[in-house]
Amino acid sequence: MALASNIPPERSHQLGDRYDHAEIEPRIRELWDDANIYRWNPDDTNRPKWFVQSMFPYPSGDLHIGHWFAFSGGDAAARFKRMEGYNVLHPQGFDAFGLPAENAAIRGNVHPKLWTYDNIANMRNQFELMGNSYDWSRQIITCAPKYYKWNQYFFLKFLDHGLAYRSDGAVNWCPEDQTTLANEQVKDGKCERCETVVVKRNMPQWYFAITKYADEMLDMSGIDWPDKVIVSQENWIGRSEGVNIRFDISEYALDTKSIATFTTRIDTIFGVTFVVLAPEHPLVAELTQPDFKATVEEYVAAAARETEIERTSTVREKTGVPTGSYCVNPLNRERVPLLVGDYVLATYGTGAVMGVPAHDERDFEFAKKYDLPIRVVVAPEGWNGQEIEAAYIAPGIQVNSGEFNDLPSEQGKEAIADAIENNRWGERIVTYHLRDWLISRQRYWGTPIPIIYCDDCGAVPVPYEELPVELPSDAKFQPSGRSPLIEHTEFLNAPCPSCGAPGERETDTMDTFMDSSWYHMRYLSPEDDSVPFDPEIAANWGPVDQYTGGMEHAVMHLLYARFFNRAMRDMGYVDFSEPYLHLFSHGTLTTETGKISKRSNPLAPDPLVQEYGADTLRCYLMFLGPWDRGGAWTESGINGIRRWLHRVWDIGTRNANELSGEDQTAESELDVASHTLTKRIIEDMRAYKYNTAIAALMTYANQMNDAWENGGITPELWRSSVQRLLLHLAPLAPHIAEELWLRNGWDFSVHQQMLPKWDEAKLTVDTIKIVVQVNGRVRDTINVPSNASEKEVAAAALASPGAIRHTEGKQIRREIYVPGRLFNIVVG
RNA sequence: GGGGGAGUGGCGGAAUGGUAGACGCGCAUGCCUUAGGAGCAUGUGGCUGCGGCCGUGCGGGUUCGAAUCCCGCCUCCCCCACCA
């Protein structure tokens with residue numbers, strides 16, 4: 001064992017025995033539990049609040065090493081803030097609805113509920129091993145009726161406020177399993193379970209009006225989030241300004257008189273030589289002329305069969321077929337052909353595109369292939385009417401554009417838009433990539449949507465007092481081609497709340513992102529049966545101050561939560577706009593075979609905990625590299641952390657009375673080291689730089705060992721140094737810090753102490769080392785008193801052997817002094 | 001195609017204008033040991049004529065001084081993407 005054999009026997013530790021993590025860790029956790037030291041007190045307003053939350057896990061079965069990586073850092077942040085004097089809320093729960101439970105259920109013929117709760121029980125045990133400072137009394141499990149009741153409540157509130165609606169929409173459909181799939185379940189355009197190609201299908205579905213907040217959500221000035229996440233959100237919202245312009249089709253005497261197209265390049269309107277409709281465009285059938293019917297129908301059917309990847313591949317050749325119809329460009333009265341092409345997306349803009357081959361790469365490719373005319377209307381510099389080799393995208397001068405000729409295209413854009421609006425041919429419009437949030441899922445394991453369909457009254461909300469609409473636990477969940485709840489007649493049949501006639505319940509369930517969009521608020525009142533959360537507590541404790549999680553949620557979850565919070569704000573539940581003020585994205589741990597997740601490489605931490613202990617594993621994970629970077633998992637190196645904690649144990653169990661206190665220099669050195677440590681580690685911990693924080697602790701332990709070996713420091717200084725070491729160690733290695741703290745006779749608990757302070761004045765030693773450079777190259781070092789004047793330093797530097805060697809016989813042109821660091825002599 | 005990030009010893013990484021390689025792994029030598037895949041100590045970028053020289057993906061530049069700032073390239077990773 002680590003008995004520091006270099007230390008004379010008379011100063012070896014007497015308090016201590018060996019560091020036995022297996023004995024210490026469970027015992028220490030029991031102490032914490034018994035004293036309830038992590039219990040959050042919402043009423044304590046003497047200390048500033050700090051709501052720090054790690055993204056809750058899906059109960060997939062086991063906590064893998066990636067979970068440890070995520071949660072160790074989150075816990076260290078919570079512990080550190082507590083020791084900085086904050087009243088900390090650090091909760092944890094389970095994101096328990098979702099497809100994996102159903103898949104596992106189908107595979108193993110075990111009920112999703114049983115599977116989920118078994119996993120939760122198992123993971124709670126594994127969480128125990130970590131020794132995190134969660135207040136488990138606030139645990140939430142999203143598949144529990146007392147939680148999802150409030151999903152239903154908010155659904156109804158959204159309905160009341162016009163934020164939820166039902167509408168026909170395209171969904172992913174797996175022909176093999178005869179079911180729709182969640183977006184997350186479509187991997188590379190194929191069904192994750194059976195690898196069948198997924199197709200689109202139109203079905204009436206429920207939506208949340210997230211696009212109402214698109215503009216507001218682009219403003220992220222009030223939050224401190226990583227740039228990458230902010231950019232991802234901006235891109236996903238995808239605001240673009242343009243013009244909706246209508247092409248006349250009145251010659252066909254349909255109900256609709258025009259085709260609307262959206263463009264951001266209205267300056268190119270005179271270059272339109274065709275118009276392309278998405279295969280799903282509602283007017284395709286009506287506009288197809290008899291002679292073209294067969295080819296168009298075949299094309300549309302083929303497009304419907306294609307996978308999302310095929311449809312959206314940028315390298316694929318653009319294809320299309322003519323409808324035989326024409327439409328009229330309102331600006332030049334030109335009649336251009338109408339085609340159907342699957343490079344036009346039904347879901348963006350108006351589902352129809354004006355084809356300007358001269359100024360759009362896709363249109364150019366399309367026109368080349370089908371021999372459609374290409375007309376330049378924005379001239380590149382020096383253009384003199386020749387054919388162009390490729391689409392010209394950049395701005396230029398308007399040509400072939402009637403009254404708008406000779407205008408720079410940027411001005412042309414505005415002038416043409418004005419003309420269009422004045423003539424009511426169209427209008428300026430802002431479009432978004434963001435679509436309204438489709439929340440319906442034809443799945444069993446989710447929150448039932450609280451709606452009853454009545455032949456007379458239509459879709460009727462379930463009255464609030466009847467919530468929750470409980471998910472029946474005895475439904476058949478085997479795939480049968482229909483939603484499992486449809487076959488559950490007891491669930492299905494319900495009287496219409498409005499007229500009392502027999503009705504049928506909505507059998508779709510909600511997207512599980514609903515659960516995680518507001519769960520942080522439920523931590524505030526997990527047991528409250530009368531409200532989703534206590535408004536008073538919410539006023540004091542919202543929003544979340546610090547949120548940590550992985551980059552995989554950069555868009556969906558975080559966007560939904562930001563939407564949900566604004567909806568709650570506008571309905572009067574909260575008075576703030578953003579749910580999460582600070583966001584930290586930790587990196588991803590990988591192995592040679594890829595990302596560690598519930599699905600792949602579930603590297604089990606349990607054997608490592610057994611061999612090394614939780615503290616060692618936590619510190620090792622935090623020491624691997626910067627927390628926001630992640631990296632490749634390897635076990636090599638964990639021994640270094642083990643050695644270090646053994647050294648800490650050794651230091652923490654020595655008898656300070658063996659020290660003499662005779663060496664002033666050693667005393668002063670340790671004192672400087674102590675204050676330096678505190679400054680460094682507090683700065684690092686605030687910035688989540690755990691790897692360098694641990695490095696600083698290692699350095700300090702080495703310095704303490706040096707001081708001990710010297711023997712000349714006082715027992716008081718030793719004890720205060722041990723105290724400092726343990727206080728700074730506590731957030732990272734909570735068990736060993738507590739054990740050593742108690743062994744030294746200090747008051748329980750180390751985790752309820754305040755961090756030590758540092759004194760800037762104590763960061764400097766009496767003598768400092770100055771680097772002597774000649775022409776910027778290091779030639780010598782000198783020791784000078786820390787209060788030496790520049791003159792004195794200059795004299796010493798110029799007299800140093802290294803400087804003399806390189807300045808002899810040369811003229812000194814300049815001298816540069818960086819106080820406390822270096823002295824540079826410039827010679828010519 | 002768009003966006004974000006990264007390139008430093010044998011390895012993980014540190015240093016954001018001031019001694020490049022902190023801290024750790026690994027390795028070497030020594031001690032201890034019946035033994036050790038344990039522990040402890042010392043050393044560890046390369047070359048060297050022991051004066052130094054070279055060295056942070058590549059090429060230039062700014063500066064007394066550049067991993068760090070500027071210009072031009074190369075490579076890798078991640079996310080989004082036929083967004084009209």
Side-chain angles (χ1 to χ4, degrees), chain A residues 1-7 226-232 234-236 238-240 242 261-265 268 276 278 311-316 318 341-345 347-356 359-363 365-366 431-434 551-552 554-555 587-588 590 595 620 623-626 628-632 634-644 646-647 650 680 689 691-702 769-781 802 805-806 813-828:
Chain A
M1 214 59 263
L3 292 186
S5 63
N6 59 313
I7 296 161
D227 286 350
K228 190 177 173 166
V229 179
I230 286 181
V231 169
S232 294
E234 283 169 356
N235 288 345
W236 192 265
R239 180 193 156 97
S240 58
T261 66
F262 172 73
T263 180
T264 55
R265 290 296 307 275
T268 65
V276 189
R311 278 291 296 276
T312 57
S313 165
T314 50
V315 294
R316 199 178 63 138
K318 314 273 175 279
D342 68 0
Y343 78 96
V344 177
L345 304 176
T347 50
Y348 187 76
T350 59
V353 168
M354 59 183 220
V356 187
H359 305 293
D360 181 279
E361 284 167 356
R362 292 154 303 184
D363 297 343
E365 195 189 321
F366 193 79
T431 59
Y432 300 89
H433 171 239
L434 182 69
M551 270 305 295
E552 66 270 24
V555 174
T588 309
T590 57
K595 185 180 161 184
Y620 178 56
F623 185 64
L624 279 176
D628 55 359
R629 211 182 295 173
T634 157
E635 222 180 291
S636 79
I638 193 168
N639 216 26
I641 297 290
R642 192 211 330 234
R643 277 203 279 264
W644 167 58
H646 273 93
R647 267 202 305 282
D650 192 40
R680 276 183 66 185
K689 290 159 83 175
N691 57 329
T692 50
I694 289 171
L697 283 168
M698 288 172 165
T699 304
Y700 189 59
N702 294 341
K769 194 164 76 174
I770 300 283
V771 168
V772 180
Q773 295 183 338
V774 177
N775 286 350
R777 316 212 56 157
V778 180
R779 298 303 182 187
D780 216 329
T781 59
R805 213 164 34 236
H806 289 89
R813 300 193 182 276
R814 234 179 119 181
E815 291 170 7
I816 292 142
Y817 180 49
V818 182
R821 303 215 66 139
L822 61 78
F823 192 89
N824 188 15
I825 304 157
V826 185
V827 296

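What's counted below: heavy atoms across the whole structure, side chains too, no hydrogens, waters or symmetry copies. We name chains A, B, ... by the order of the sequence lines, and we start the count at 1 in each one. Since the structure is predicted, the reported quantities are computational estimates derived from the model, not experimental observations.
Ring-plane geometry between A:Phe366 and A:Tyr343 is classed as tilted, the angle between the planes lying from 30 to 60 degrees on a 0 to 90 degree scale.
Across B:G57 and B:G13, the matching P atoms stand 15 Å from one another, rounded to whole Å. Atom C1' of B:A28 sits at a distance of 16 Å from the matching atom of B:G9, rounded to the whole Å. B:U63 and B:C79 have their P atoms separated by 43 Å, with the value rounded to a whole Å.
Considering NE2 of A:His433 and CH2 of A:Trp236, their distance stands at 5.0 Å, rounded to 0.5 Å. Distance CG/A:Asn824 to OH/A:Tyr817: 13.5 Å, rounded to 0.5 Å.
One cannot find a donor-acceptor pair under 3.5 Å joining the base of B:C79 and the side-chain atoms of A:Lys228.
At the phosphate of B:G51, neither OP1 nor OP2 sits under 4.0 Å from any side-chain N or O atom of A:Arg805. At B:C64, one or more side-chain N or O atoms of A:Arg814 fall inside 4.0 Å of OP1 or OP2 (strictly under the cut-off). Residue A:Arg643 places no side-chain N or O under 4.0 Å from the OP1 or OP2 atom of B:G24. Contact check, A:Arg777 against B:G51: no side-chain N or O comes under 4.0 Å of OP1 or OP2. For the pair A:Asn235 and B:C79, the criterion of a side-chain N or O lying under 4.0 Å from OP1 or OP2 is not met. Contact check, A:Asn702 against B:G24: a side-chain N or O comes under 4.0 Å of OP1 or OP2. Side-chain nitrogen and oxygen atoms of A:Arg362 include at least one within less than 4.0 Å of the OP1 or OP2 phosphate oxygen of B:C83. Remark: A:Arg642 is not in phosphate contact with B:A38, judged by side-chain N or O atoms under 4.0 Å from OP1 or OP2.
In this structure, B:C76 and B:G5 make a Watson-Crick or G-U wobble pair, each of the two defining distances being under 3.5 angstrom. In this structure, B:A38 forms no base pair with any nucleotide, since neither Watson-Crick nor G-U wobble geometry is met with both distances under 3.5 Å. If you check B:U62 for Watson-Crick or wobble pairing at under 3.5 angstrom, you find it has no partner at all. With a cut-off of 3.5 Å on both pairing distances, the Watson-Crick or G-U wobble partner of B:C27 is B:G43. Pairing of B:G49, defined by two Watson-Crick or G-U wobble distances under 3.5 Å, is not identified with any nucleotide. Across all strands shown, B:A67 forms no Watson-Crick or G-U wobble pair with both distances under 3.5 Å.
Nucleic acid contact for A:Glu815: none, since no nucleic acid atom lies under 4.0 Å from a heavy atom of the residue. Residue contacts shown for A:Val353 include a base, since a base heavy atom lies under 4.0 Å away. A:Val778 comes within 4.0 angstrom of the backbone, heavy atoms only, and of no base. Residue-level contact check: A:Leu624 touches the backbone only, with heavy atoms under 4.0 Å from sugar-phosphate atoms and none from bases. Residue contacts for A:Val771: at a heavy-atom cut-off of 4.0 Å it reaches a base atom on one of the strands shown.
Side chain of A:Thr263, nearest nucleotide from B:C82, B:A15, B:A84: B:A84. In the set B:C64, B:U19, B:G52, B:C64 carries the atom at the smallest distance from any side-chain atom of A:Asn824.
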